[in-house]
Colleague: 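One structure, pasted below without further comment.
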Number of protein chains: 4
Amino acid sequence: MTDALKQRVFEANMALPAFGLVTFTWGNVSGIDRERGLIAIKPSGVEYETMQASDMVVLNLQGEVVEGHYKPSSDTATHLELYARFPQLGGIVHTHSTYATSWAQAGVSIPPLGTTHADYFAGAIPCTRPLSTHEVNGEYELETGKVIAASLTGTDPLHMPGILVAQHGPFCWGTTPEQAVHNAVVLEEVAKMAWITVSIRRNQTPMDDYLLQKHFSRKHGPDAYYGQK
Amino acid sequence: MTDALKQRVFEANMALPAFGLVTFTWGNVSGIDRERGLIAIKPSGVEYETMQASDMVVLNLQGEVVEGHYKPSSDTATHLELYARFPQLGGIVHTHSTYATSWAQAGVSIPPLGTTHADYFAGAIPCTRPLSTHEVNGEYELETGKVIAASLTGTDPLHMPGILVAQHGPFCWGTTPEQAVHNAVVLEEVAKMAWITVSIRRNQTPMDDYLLQKHFSRKHGPDAYYGQK
Amino acid sequence: MTDALKQRVFEANMALPAFGLVTFTWGNVSGIDRERGLIAIKPSGVEYETMQASDMVVLNLQGEVVEGHYKPSSDTATHLELYARFPQLGGIVHTHSTYATSWAQAGVSIPPLGTTHADYFAGAIPCTRPLSTHEVNGEYELETGKVIAASLTGTDPLHMPGILVAQHGPFCWGTTPEQAVHNAVVLEEVAKMAWITVSIRRNQTPMDDYLLQKHFSRKHGPDAYYGQK
Amino acid sequence: MTDALKQRVFEANMALPAFGLVTFTWGNVSGIDRERGLIAIKPSGVEYETMQASDMVVLNLQGEVVEGHYKPSSDTATHLELYARFPQLGGIVHTHSTYATSWAQAGVSIPPLGTTHADYFAGAIPCTRPLSTHEVNGEYELETGKVIAASLTGTDPLHMPGILVAQHGPFCWGTTPEQAVHNAVVLEEVAKMAWITVSIRRNQTPMDDYLLQKHFSRKHGPDAYYGQK
């Protein structure tokens with residue numbers, strides 16, 4: 001019953017090293033089957049080279065493991081919180097990809113500087129506030145999810161399919177695990193170009209908002225005309 | 001009749017991921033058959049991995065599709081405008097390549113800093129002005145072509161075979177689709193080196209104009225002596 | 001008797017070019033068999049392409065070659081000094097990897113800026129003081145080991161599994177040769193992200209110490225809960 | 001008679017794309033047979049993908065082609081001038097490699113910042129003065145050789161096996177064509193690390209001279225003890 005979900009989540013996880021987004025065992029992707037109320041996620045600290053679809057861990061929405069011979073990713077509680085808050089999400093990914101993580105370490109939101117950004121993200125990509133001592137020493141991974149959700153208040157998460165957790169790194173999402181990984185690849189490229197842009201021109205101002213809206217709506221929503229649909 | 005044109009344009013498009021100039025389905029190359037008054041261009045949003053020569057879309061110079069089962073690139077109107085303005089052009093390419101796009105996002109022309117630049121571009125590589133609200137919300141892709149053309153006023157486009165569209169990314173061209181892609185590769189390398197140069201020495205002044213002219217004419221025009229011709 | 005040690009050290013050395021940490025013959029890994037009082041190390045200036053396990057040089061703890069047809073790495077005395085000072089160490093690696101070496105050349109310790117750093121290094125990664133004329137012109141490689149050890153005074157070397165030697169490059173270590181190489185890969189990635197971070201935000205302050213402690217102890221020590229143990 | 005020379009020079013040229021030092025047909029390597037008074041060099045503008053050993057062009061020291069069906073590299077006069085001035089040289093290479101070229105474009109000598117530099121270059125890697133209008137519009141490639149030679153006055157070229165030509169790019173050399181290419185690879189890595197170093201710490205001062213001398217003499221000269229000799 002869960003084989004299809006595990007296979008999809010497995011393949012999305014394997015895409016992370018293929019796209020150069022992870023080193024060693026870092027990073028994790030999950031996917032959700034909302035009808036059955038189950039998620040599948042990468043096991044904690046297992047190497048990509050030998051990982052198989054059957055190694056994915058299946059949990060219910062209370063975070064109880066219902067299938068699998070491994071412990072789930074240590075970030076599972078963050079994923080669960082985001083699925084609970086945002087019913088639009090079908091897949092979530094966390095990485096320590098180089099350029100997005102560097103912006104997260106700088107504690108700076110990525111300003112929209114060009115159409116590559118605008119094709120996917122309908123505004124600045126937010127960097128969360130740092131977690132408090134209390135949050136870090138309490139239910140840390142759950143609190144991480146809450147802080148992400150708080151940064152997205154009033155935003156459709158599919159219009160802002162990624163975020164930077166301060167002093168940590170990016171989380172991305174989408175309607176499917178594959179789309180979440182796709183958005184993580186785009187975020188990394190957008191982060192790299194934003195870094196180079198501001199090193200060419202310090203304090204470059206954001207792009208014109210009408211150009212941002214134009215490009216986002218060219219690819220998303222009722223007036224989209226990019227692609228074959 | 002159009003098979004040869006479609007094959008050439010297909011191969012030029014496939015060179016974009018091979019040279020590392022595109023991510024996912026970004027980027028597009030077109031070519032023109034001026035005798036028949038036809039262009040071929042990449043279909044919109046189709047993946048390079050599975051794309052075939054027969055997927056190229058053929059249009060007449062009024063932008064009407066005359067052959068093909070896909071919608072053409074969303075940037076088609078920009079290509080058509082440039083072919084109409086500049087009869088020297090045989091191929092055009094658009095990418096979001098990392099370093100050239102970063103200069104476009106910075107809104108800064110790439111100053112000529114060394115002979116690599118001068119071997120291909122006879123002066124600073126211009127960055128266009130930003131498009132106005134009216135232009136973006138009107139016939140956006142056509143207006144993009146017009147703004148590019150305006151930036152090239154008084155310039156032989158084969159002496160300046162590429163440009164940066166502000167807040168967007170590069171367009172390059174040549175007498176053939178292959179040459180357009182060749183120039184896009186060079187622009188990306190020139191943009192990378194210019195970024196590193198100005199980060200070593202802020203506000204580095206342009207190279208000596210006599211050296212620029214020497215190198216450009218070593219490779220181009222009646223006195224060229226580089227290569228085997 | 002020493003075949004297993006030589007094989008392990010050989011494989012750890014071969015991982016250096018595989019991970020992109022060395023150019024030509026640069027870099028070296030050693031491992032120690034504390035029961036027998038022997039170390040194995042890469043021979044000096046031998047190319048990775050043709051190197052074999054049987055080329056590893058075996059020395060006793062006084063630095064006398066007891067097995068091998070090659071001269072040992074010119075950095076052997078540094079390795080021996082570190083094994084003598086720190087009984088926890090089972091493997092040591094030295095490279096000139098690009099980003100870590102650049103911080104060493106800048107003479108600046110790498111501040112902890114995010115959880116990637118904190119997952120492996122329990123504080124700033126120190127840069128040693130420069131060696132004196134006397135030290136350089138005396139027993140240079142031995143003195144290098146002494147200066148590294150002095151920088152680690154009061155620190156558990158397994159909580160700080162790498163260091164930058166000023167004007168030179170990184171040394172890393174672990175309980176095994178493989179773990180030493182693993183840490184060298186992490187240091188290089190941490191060094192790259194720290195460089196990008198401070199170029200986005202000059203003089204970025206270190207991460208919150210409670211977050212650093214949380215992440216280090218998530219992976220290390222009695223309360224670790226990352227991975228499958 | 002010249003087959004061995006052509007084969008060596010061909011292989012050294014083919015190493016340039018393998019090491020990532022050239023784009024398209026850029027770059028060239030030559031080698032000299034001083035007994036016969038002949039050099040072999042890459043033909044101008046020929047693609048590496050299809051180039052063969054028999055395509056190398058053989059010239060005498062007056063620059064007259066004595067063997068070959070192609071025109072020699074447009075930079076041949078620079079190579080000939082350097083061979084004439086420095087009898088120690090057996091091979092010369094010119095590239096537009098990214099990082100070394102960026103320093104050349106900045107017009108700044110590469111300061112010695114660490115032992116990687118010192119292992120190969122016994123001081124700052126000089127950047128030449130810009131060529132004058134007269135020099136550029138006269139015998140440009142010959143004048144380039146003269147300006148390089150002038151920058152090396154009083155220096156053993158084997159102690160400084162590379163240089164930056166201002167607004168242009170690097171030339172490197174060695175006792176053989178292979179060694180020239182080896183030094184070009186090292187220069188590129190040294191240039192990359194120097195760029196990162198000065199971007200971490202603006203105006204970083206050069207390394208201690210006694211450390212530079214120590215490392216250079218560890219690999220070169222009568223007291224060398226690196227490697228197996």
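Proteins come first, then strands; the chains are lettered A, B, ... in the order of their sequence lines, and each starts at number 1.
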Colleague: Do other residues, nucleotides or ligands put more than 12 heavy atoms under 6.0 Å from the CD atom of A:Q88?
Modeller: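 Atom CD in A:Q88 is crowded, with more than 12 foreign heavy atoms closer than 6.0 Å.
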
Colleague: Chain A heavy atoms under 4.5 Å from B:V46: which part of the residue, side chain, backbone, both or neither?
Modeller: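 It is the side chain, since no backbone atom gets that close.
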
Colleague: With chain B, which of A:W195, A:Y225, A:Y226, A:Y210 has the greatest number of heavy-atom pairs at distances under 4.5 Å?
Modeller: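 Of the options given, most contacts go to A:Y210.
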
Colleague: Look at A:R218, A:E189, A:M207 and state which one has the largest set of heavy-atom pairs under 4.5 Å with chain B.
Modeller: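 If we count pairs closer than 4.5 Å to chain B, A:R218 comes out on top.
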
Colleague: Counting the benzene-type ring for Trp, do B:H94 and B:H168 have ring centres under 6.0 Å apart?
Modeller: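 Ring centroids of B:H94 and B:H168 are less than 6.0 Å from each other.
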
Colleague: Would you check if B:F121 and B:H117 make a side-chain contact, meaning some heavy-atom pair closer than 4.5 Å?
Modeller: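 In short, these two side chains touch, coming nearer than 4.5 Å.
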
Colleague: If you compare all heavy atoms of B:Y83 against all heavy atoms of B:S30, which two are closest, and at what distance to 0.1 Å?
Modeller: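 Between these two residues, the closest heavy atoms are OH-OG, 2.7 Å.
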
Colleague: Measure distances from B:S199 to the heavy atoms of chain A and classify the residue's part below 4.5 Å as side chain, backbone, both or neither.
Modeller: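 For B:S199, no heavy atom lies under 4.5 Å from chain A.
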
Colleague: If you count heavy-atom pairs within less than 4.5 Å of chain A, which of B:A166, B:P43, B:S102 leads?
Modeller: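 Top count of heavy-atom pairs under 4.5 Å with chain A: B:S102.
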
Colleague: Go through the atoms of B:S73 and report whether side chain, backbone, both or neither lie under 4.5 Å from a heavy atom of chain A.
Modeller: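 Contact with chain A involves no heavy atom of B:S73 at all.
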
Colleague: Which word best sums up how the rings of A:H182 and B:F24 line up, parallel for under 30°, tilted for 30 to 60°, or perpendicular for over 60°?
Modeller: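 Parallel.
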
Colleague: Please determine, by modelled atom types, if B:S74 and B:E141 share a side-chain donor-acceptor pair under 3.5 angstrom.
Modeller: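 Short answer, no.
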
Colleague: Among the options A:T116, A:V186, A:V198, pick out the one with the most heavy-atom pairs lying under 4.5 Å from chain B.
Modeller: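 Option with the greatest count: A:T116.
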
